[in-house]
Number of protein chains: 2
Amino acid sequence: MDVKTTCLGVLAKGEASGYEIRKHFEDGPFSHFAEGGFGSIYPALNRLTADGLIDCSQQAQDKRPDKKVYRLNDRGFDALLGALAQPPAEDRYKSDLLFMLFFADHLTPARLALLIDARIDFYRDKLDQMRNCAPTEPDGNATSDSLGPAFVHGFGMSVYQAALNYLETHKARLLDDVARAQNADAAE
Amino acid sequence: MDVKTTCLGVLAKGEASGYEIRKHFEDGPFSHFAEGGFGSIYPALNRLTADGLIDCSQQAQDKRPDKKVYRLNDRGFDALLGALAQPPAEDRYKSDLLFMLFFADHLTPARLALLIDARIDFYRDKLDQMRNCAPTEPDGNATSDSLGPAFVHGFGMSVYQAALNYLETHKARLLDDVARAQNADAAE
DNA sequence: CGTCGCATGTAACCAGTTACATGATTAA
DNA sequence: TTAATCATGTAACTGGTTACATGCGACG
């Protein structure tokens, strides 16, 4: 599942420019399981246009480059369905932070606290942000096409919440244990 | 944080061959936040040897290629500490499954069930496997160098458990809602 | 006066994946 | 007999990241 397919997915939810697509990857409902920078999105969009899966309508703007708004067409929609019918690749998760914390005994408690606090803040912000863009309508009337987004949104929040809880409840203990172990070492 | 650094990390916990390192990425304590296949590990190991960060002792074996066991040396350890002192890159998580579930309204309930059940099984297996290789000693005596691994291990289990719980508790509802929405559509 | 947000793109680079090459042993 | 485990490696590919290029408006 490459950037091209991901773009198809974003466009299936509504027309957008390359710039807006990237925002979806960063902040929007796709942010916790997809990624892509300008350097991959713009070429992908050009490729999809050349392949006839999306249409582009140029909108002239004052003192700015033309805004190119892309819209999924029927062939593009079929291509998306095709990707959806494929067996999914395994999730991939990579974390520098966990790698570092794995070697907690080689870090000072101060640095550990810094690293963990930064991540706690990150999760708190992320959760706040997600609470403010829940995909279900305020009146509770879920439309058929918000079922998936709502499910995925809830999944993301659960996982982030679990991560946050873990860090909050185990941080002090880790700091403590590491400090004691290092004092013991120094005393030897 | 590239494969070279990750290999350094694995070797800091004990000598290993390329083959064994890959197993650590797949099953071992590094499996939930690091990855790498043979095609990246072997070149990385050769590079680290050339750079003088690890030492290699060849062990002849019957009817098999020589087993090359690598060991971290002082320079390699310093390099690891250097990497640990760097600001960590953001976590990256990519999930085909979540992307697919996002478009639940375009999938049949049968396929949704298949996808979700497969993932439920995955998390159950993973959690079982993790329970059987907890980094704390059975007697509860944590050594200083198991503090980090134990913390990271606990983190991973919490997050997997949260993901599993979510899928288990919300699966039926999603299937139901999607089926109803699709029936309504067909009736129109 | 700086930097963030808007807005698009290219080119070089690089890291990692995939496929290939080899081959014995053991369990299903 | 088929697949998995052990065991190492190379070469081609591919995909995405990074850095560069351009430029105005708004906010602090």
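Residue numbering restarts at 1 for every chain, and letters A, B, ... go by the order of the sequence lines. Small disclaimer: the values here were computed from a predicted structure and weren't measured.
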- Item | Contact under 4.0 Å: S40(A) side-chain N or O vs dG15(D) OP1/OP2 | no
- dA15(C) P sits how many Å from E35(B) CD, rounded? 16 Å
- Message: Need one value for F25(B): base, sugar-phosphate or nothing, where a base atom within 4.0 Å counts as base even if backbone is also close, heavy atoms only.
- Response: nothing
- The complete set of side-chain hydrogen bond (donor to acceptor under 3.5 Å, both in side chains) pairs with one or both residues in residues 34-43 of chain A, sequence neighbours excluded, reads none
- Task: Would you confirm whether S158(B), through its side chain, and G154(B), through its main-chain N or O, come within 3.5 Å as a donor-acceptor pair?
- Result: yes
- Task: Please report how far the helix from dC1(C)-dG28(D) to dA28(C)-dT1(D) bends, comparing the axis fitted to its first five pairs with the axis fitted to its last five, to the nearest 10 degrees.
- Result: 50°
- Task: Could you note down all residue pairs passing salt bridge (charged side-chain N to carboxylate O under 4.0 Å, His left out) where residues 148-168 of chain B supplies at least one of them, sequence neighbours left out?
- Result: R124(B)-E168(B)
- Message: Expressed as a whole number of angstroms, how long is the span from M1(B):CE to dG16(C):C1'?
- Response: 16 Å
- Mind running a 4.0 Å heavy-atom check of residues 84-94 of chain A against DNA chain D and sending the residues that fall below it, in number order? none
- Query: Who are the side chain to side chain contact (heavy atoms under 4.5 Å, CB included) partners of A162(A), not counting sequence neighbours?
  - Reply: A162(B)
- What residues, two or more places apart in sequence or in another chain, satisfy salt bridge (Lys or Arg N to Asp or Glu O under 4.0 Å) together with R71(B)? E15(B)
- Message: According to side-chain hydrogen bond (donor to acceptor under 3.5 Å, both in side chains), who are the partners of N46(B), at least two apart in sequence or on a separate chain?
- Response: none
Anything under 3.5 Å between a donor and an acceptor, one on a side chain of residues 6-14 of chain B, the other on a protein residue two or more places apart or in another chain? List them.
{"residue": "T6(B)", "atom": "OG1", "partner": "D2(B)", "partner atom": "O", "Å": "2.9"}
{"residue": "K13(B)", "atom": "NZ", "partner": "D145(B)", "partner atom": "O", "Å": "2.9"}

- Task: Among residues two or more places apart or on two chains, list those pairs meeting ring-ring contact (aromatic ring centres under 6.0 Å, His included) that have a residue in residues 168-187 of chain B.
- Result: Y166(B)-H170(B)
- Note: contacts of residues 3-23 of chain A with DNA chain C (heavy atom, under 4.0 Å) are S17(A), G18(A), Y19(A), K23(A)
Exercise answer: donor-acceptor pairs, residues 21-28 of chain A side-chain atoms, under 3.5 Å, sequence neighbours excluded:
{"residue": "R22(A)", "atom": "NH2", "partner": "E26(A)", "partner atom": "OE2", "Å": "2.8"}

- Task: Check side-chain hydrogen bond (donor to acceptor under 3.5 Å, both in side chains) between D78(A) and all other residues, then give those that pass, not counting sequence neighbours.
- Result: none
